[in-house]
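In what follows, a structure is listed as structure tokens, so that the remarks can point back to it.
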There are 2 protein chains.
Amino acid sequence: MNRCICPKFEAAIEVLAKKWTGLIIRVLMEKTCRFRDIREQIPQMSERMLAERLKELESNGILVRNVYPETPVRVEYQLTDKGRSIEPILDEIQHWAECHL
Amino acid sequence: MNRCICPKFEAAIEVLAKKWTGLIIRVLMEKTCRFRDIREQIPQMSERMLAERLKELESNGILVRNVYPETPVRVEYQLTDKGRSIEPILDEIQHWAECHL
DNA sequence: TAAGTTAGTTACTTACATGTCAGTATACCA
DNA sequence: TGGTATACTGACATGTAAGTAACTAACTTA
């Protein structure tokens with residue numbers, strides 16, 4: 001459309017391109033997970049980073065945080081519709097990666 | 001496919017997600033450009049960053065650098081097939097950005 | 001009472017990315 | 001000889017991202 005810089009495109013890149021973000025979304029794409037579960041599926045990532053990313057993704061409306069006051073507490077992270085709509089992007093990246101890398 | 005980390009996916013993110021990369025590719029998607037042209041279309045980016053990204057993209061086989069020894073010298077940057085195959089990814093991101101941001 | 005569980009937080013450090021700006025090489029033109 | 005143009009490069013400073021590891025809070029079980 002416009003040959004100048006599209007702020008929405010840039011904003012999207014800023015959300016999606018951060019380290020760990022894609023992986024976290026991919027894990028949650030399969031099923032709703034607890035903090036612990038995500039850690040176990042992405043063991044390279046520190047707790048600190050996971051907590052930071054989850055907060056960002058929540059504030060961007062990509063996932064919701066559900067707290068169940070059991071003992072010990074259970075916190076589940078679930079993609080929203082907005083979050084699930086990222087799937088085609090990740091699929092395209094995966095496809096490109098498999099063809100060209 | 002695999003719920004663990006896919007190194008190809010990560011490698012793709014590493015290439016595509018860097019600051020300015022998407023914008024540079026988008027500019028070159030429209031037409032082959034000289035260094036100067038790209039600068040003018042992305043004025044926020046410094047020359048230093050542009051030169052660095054162009055080198056990276058060239059070494060990743062996403063674009064080719066053609067030198068015409070005229071006076072003054074003309075250097076044109078052109079997407080390869082691999083580079084052009086990134087278009088669907090950028091389109092998906094653009095689409096998502098327009099629907100959700 | 002001590003240890004375990006979940007879900008974080010905080011402080012500190014290191015690494016890497018980016019910005020700024022001056023300088024280079026080559027060739028032309030006045 | 002000085003100025004202009006293109007396409008960079010290099011040194012340095014700053015800023016941001018990420019890693020490490022210890023700590024907290026609430027509650028339960030041994």
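Numbered from 1 within each chain, the chains take letters A, B, ... in sequence-line order.
- When the P atom of C:dT6 is taken as reference, atom CD1 of A:Ile38 falls 14 Å away, rounded to whole Å.
- With contacts defined as side-chain heavy-atom distances shorter than 4.5 Å, the pair A:Arg65/A:Glu76 does not qualify.
- We find that B:Arg48 and B:Glu52 are joined by a salt bridge, their nearest charged nitrogen and carboxylate oxygen being less than 4.0 Å apart.
- B:Thr71 comes within contact range of the sugar-phosphate backbone alone, with a heavy-atom separation under 4.0 Å but no base atom that close.
- Each of A:Pro72 and A:Lys19 lies near DNA chain D, and the nucleotide nearest A:Lys19 is the one positioned closer to the 5' end.
- By the 4.0 Å N-to-carboxylate-O rule, B:Asp81 lies close enough to B:Arg84 to be salt-bridged with it.
- Between A:Arg39 atom CZ and C:dT9 atom P there is a gap of 14 Å when expressed in whole angstrom units.
- D:dA25 atom P lies 23 Å from atom CD of A:Glu70, rounded to whole Å.
- Residue A:Leu50 contributes atom CG, which lies 14 Å from atom C1' of D:dA18 at whole-angstrom precision.
- Remark: B:Arg26 does not engage B:Glu87 in a salt bridge, criterion side-chain N to carboxylate O under 4.0 Å.
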Taking protein heavy atoms under 4.0 Å as touching, what does nucleotides 7-15 of chain D look like 5' to 3' if B marks base contact, S marks sugar-phosphate-only contact and - marks none?
SBSBB----
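- A salt bridge links A:Glu56 with A:Arg53: at least one charged nitrogen is closer than 4.0 Å to a carboxylate oxygen.
- In this structure, the CD atom of A:Glu40 is 12 Å from the C1' atom of C:dT6, given to the nearest Å.
- Taking the charged nitrogens against the carboxylate oxygens, A:Glu47 and A:Arg39 do have a contact shorter than 4.0 Å, which makes a salt bridge.
- In this structure, the CD atom of B:Glu14 is 17 Å from the P atom of C:dA15, given to the nearest Å.
- Look at CD on A:Gln44: it is 12 Å from P on D:dT20, rounded to the nearest Å.
- Between the P atom of D:dT16 and the CZ atom of A:Arg53 lies a distance of 15 Å, rounded to the nearest Å.
- The ring-ring contact (aromatic ring centres under 6.0 Å, His included) contacts involving residues 56-101 of chain B comprise B:Trp96-B:His100, where partners must be two or more places apart or lie in separate chains.
- For the pair A:Lys18 and D:dT16, the criterion of a side-chain N or O lying under 4.0 Å from OP1 or OP2 is not met.
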